[in-house]
Amino acid sequence: MSRLSPGRILAWAVLGAFIVCSLFPLWITLKTALVPTATLFDQATLLVPVEVTLDNFRRVLGLAPVNPATPSTPINFALALRNSLVFTLLTVGGQIFFSALAAYAFARIRFIGSTVIFYLFIAATMIPAIVLFIPNFVLIKELGWLNTFQGMVAPTILMSPFAVFFLRQFFLSTPRELEEAARIDGATPFRTFWSVVLPVHKSAIATLAILLSINAWNDFFWPFLVGRDADVRVMSVALAAFKTQQQNGNPDWTGLMAGTVLSIVPVIVLLVLFGRRVVESLQFSGLK
């Protein structure tokens with residue numbers, strides 16, 4: 001066992017301080033969500049709540065009567081959770097499938113200008129997303145897709161330069177002997193891609209799915225523009241609507257924090273379960 005040097009102790013102390021600073025806001029959010037509304041301000045200065053209740057979670061999920069301070073039409077967070085799940089699954093599923101096809105083509109198919117096209121494609125990551133919001137919104141409006149899931153996922157379901165670059169790094173490492181053996185057995189190029197290449201890199205695909213899921217789950221501005229109706233409203237938009245609909249500009253902090261906890265739990269679970277795999281895959285791909 002190595003000796004604890006002053007430098008090592010200092011490093012662990014700094015790391016511990018960073019962890020505490022990172023987790024402290026999350027703890028305050030959870031504490032506020034567990035405190036009864038009537039005693040919120042009495043316990044505001046306490047790090048640990050004196051009285052704990054789950055009524056705030058039941059209330060935002062529609063399982064208990066609403067707080068009199070809430071609006072006459074309370075936000076349905078259970079529906080918003082479902083909508084976030086649908087939005088995330090559609091976005092991530094489409095991006096992985098189409099980006100994997102593009103990445104495999106860039107990794108294995110050689111044609112005139114393939115390298116130039118690849119770098120032009122990757123250069124799309126340098127375009128600020130805000131630049132594309134107006135033309136995309138006009139297109140979705142003309143198609144009549146406002147307040148629909150297809151309108152929310154259409155601009156991103158077919159294209160993700162990050163996903164293409166990420167998967168291409170792994171496809172380049174695929175042994176060509178595996179693909180040649182599949183072709184000798186009569187497999188078509190798509191069959192080789194689907195049955196040979198993808199299973200080999202299922203770990204990388206799972207990692208990409210986690211990264212894209214976190215991004216889609218936390219997306220706010222585009223769903224806010226296109227999907228404001230309650231039928232398609234996602235969690236990030238529902239939280240904003242919940243805050244702005246409070247009477248007299250006095251938010252229902254306990255309900256708002258309960259909804260916030262519900263929105264961040266899936267992301268935390270993903271990071272806890274698959275955080276190491278994400279770091280290892282990113283290191284392999286060369287991303288910083």
Side-chain angles (χ1 to χ4, degrees), residues 85-129 131-132 136 139 149-219 222 267 270-271 273-288:
L85 180 62
V86 172
F87 173 72
T88 301
L89 289 177
L90 290 175
T91 302
V92 174
Q95 286 188 1
I96 289 179
F97 178 73
F98 294 110
S99 297
L101 289 173
Y104 184 68
F106 283 127
R108 286 293 186 254
I109 300 177
R110 292 291 177 263
F111 52 91
I112 298 176
S114 60
T115 302
V116 175
I117 294 175
F118 172 72
Y119 285 117
L120 288 176
F121 187 77
I122 296 302
T125 59
M126 301 175 63
I127 301 176
V131 175
L132 304 176
N136 283 336
L139 176 60
F149 282 111
Q150 59 264 35
M152 292 168 61
V153 304
T156 56
I157 194 172
L158 296 178
M159 177 183 177
S160 176
F162 165 76
V164 173
F165 175 78
F166 183 87
L167 291 177
R168 178 178 176 270
Q169 299 298 102
F170 288 92
F171 291 161
L172 287 173
S173 66
T174 305
R176 291 185 178 270
E177 292 77 8
L178 293 177
E179 300 171 71
E180 293 172 356
R183 295 192 184 98
I184 292 174
D185 290 338
T188 62
F190 182 79
R191 183 71 176 179
T192 301
F193 162 77
W194 187 261
S195 301
V196 177
V197 178
L198 286 186
V200 170
H201 299 294
K202 59 183 180 181
S203 178
I205 294 174
T207 299
L208 179 62
I210 296 169
L211 296 175
L212 295 178
S213 296
I214 294 173
N215 183 65
W217 187 270
N218 294 326
D219 195 8
W222 179 253
V267 176
L270 280 177
L271 291 177
L273 295 179
F274 304 105
R276 181 181 296 274
R277 175 176 293 180
V278 171
V279 173
E280 291 175 352
S281 297
L282 288 176
Q283 289 176 342
F284 179 86
S285 66
L287 296 175
K288 299 295 183 181

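How far CG of Leu208 is from OG of Ser203: 11.5 Å, rounded to the nearest 0.5 Å. To the nearest 0.5 Å, atom CZ of residue Phe170 and atom OG1 of residue Thr207 are 6.5 Å apart. Here CD of Gln95 is found 11.0 Å from CG of Leu167. Values are rounded to the nearest 0.5 Å. Distance CD1/Ile96 to OG/Ser213: 7.0 Å, rounded to 0.5 Å. Rounding to the nearest 0.5 Å places OG of Ser114 at 5.5 Å from CZ of Arg110.
Taking 4.5 Å as the limit, every side-chain heavy atom of Leu132 sits out of range of all side-chain heavy atoms of Pro155. Between Trp217 and Leu270 the shortest side-chain heavy-atom distance does not fall below 4.5 Å. Between Phe171 and His201, the closest side-chain pair of non-hydrogen atoms falls below 4.5 Å. Put simply, the side chain of Phe106 reaches to within 4.5 Å of the side chain of Ile117, judged on heavy atoms. Asn215 is not listed as a side-chain neighbour of Phe162, based on a closest heavy-atom distance of 4.5 Å or more. A 4.5 Å side-chain heavy-atom check between Ile205 and Phe97 finds every atom pair outside the cut-off. Side-chain contact check for Met152 versus Leu90: every heavy-atom pair is 4.5 Å or farther apart. Looking only at side-chain heavy atoms (C-beta outward), Thr91 and Leu212 stay at 4.5 Å or farther from each other.
Judged as a side-chain hydrogen bond (donor to acceptor under 3.5 Å, both in side chains), and not counting sequence neighbours, Thr188 has no contacts. Thr192 is linked by a side chain to side chain contact (heavy atoms under 4.5 Å, CB included) to Tyr104, Glu179, Ala182, Arg183, Ala187, Val196, counting only residues two or more places apart in sequence or in another chain. Considering only residues two or more places apart in sequence or on other chains, Ala154 meets the side chain to side chain contact (heavy atoms under 4.5 Å, CB included) condition with Ile140, Trp145. Remark: Asn218 engages Ile214, Val267 in a side chain to side chain contact (heavy atoms under 4.5 Å, CB included) (not counting sequence neighbours). Take Pro199 and apply the side chain to side chain contact (heavy atoms under 4.5 Å, CB included) test, not counting sequence neighbours, and it matches no residue.
Although no hydrogens or angles enter the test, the distance criterion places no donor-acceptor pair under 3.5 Å between the side chain of Ser160 and the main chain of Thr156. A donor-acceptor pair under 3.5 Å is absent between the side-chain atoms of Thr88 and the main chain of Leu85, judged by distance alone.
In this structure, Leu101 and Phe193 approach most closely via the heavy-atom pair CD2-CE2, 3.4 Å. Taking every heavy atom of both residues into account, Phe149 and Phe87 meet most closely at CE2-N, 4.4 Å. The shortest non-hydrogen separation linking Ala216 to Val92 is CB-CG2, 4.4 Å. Of all heavy-atom pairs between Val164 and Ala103, the closest is O-CB, 3.5 Å.
Within a 6.0 Å sphere centred on CZ of Phe190, heavy atoms belonging to other residues, nucleotides or ligands number more than 12. Remark: Ile112 CD1 is loosely packed, at most 12 non-hydrogen atoms of other residues, nucleotides or ligands lying under 6.0 Å away.
Among residues at least two apart or in separate chains, there is no salt bridge (Lys or Arg N to Asp or Glu O under 4.0 Å) pair with a member in residues 149-174.
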Would you check, one step at a time, whether the test side chain to side chain contact (heavy atoms under 4.5 Å, CB included) holds for Thr174 with Arg108?
CA-CA 10 Å; Thr174 305; Arg108 286 293 186 254; 3.6 Å; yes

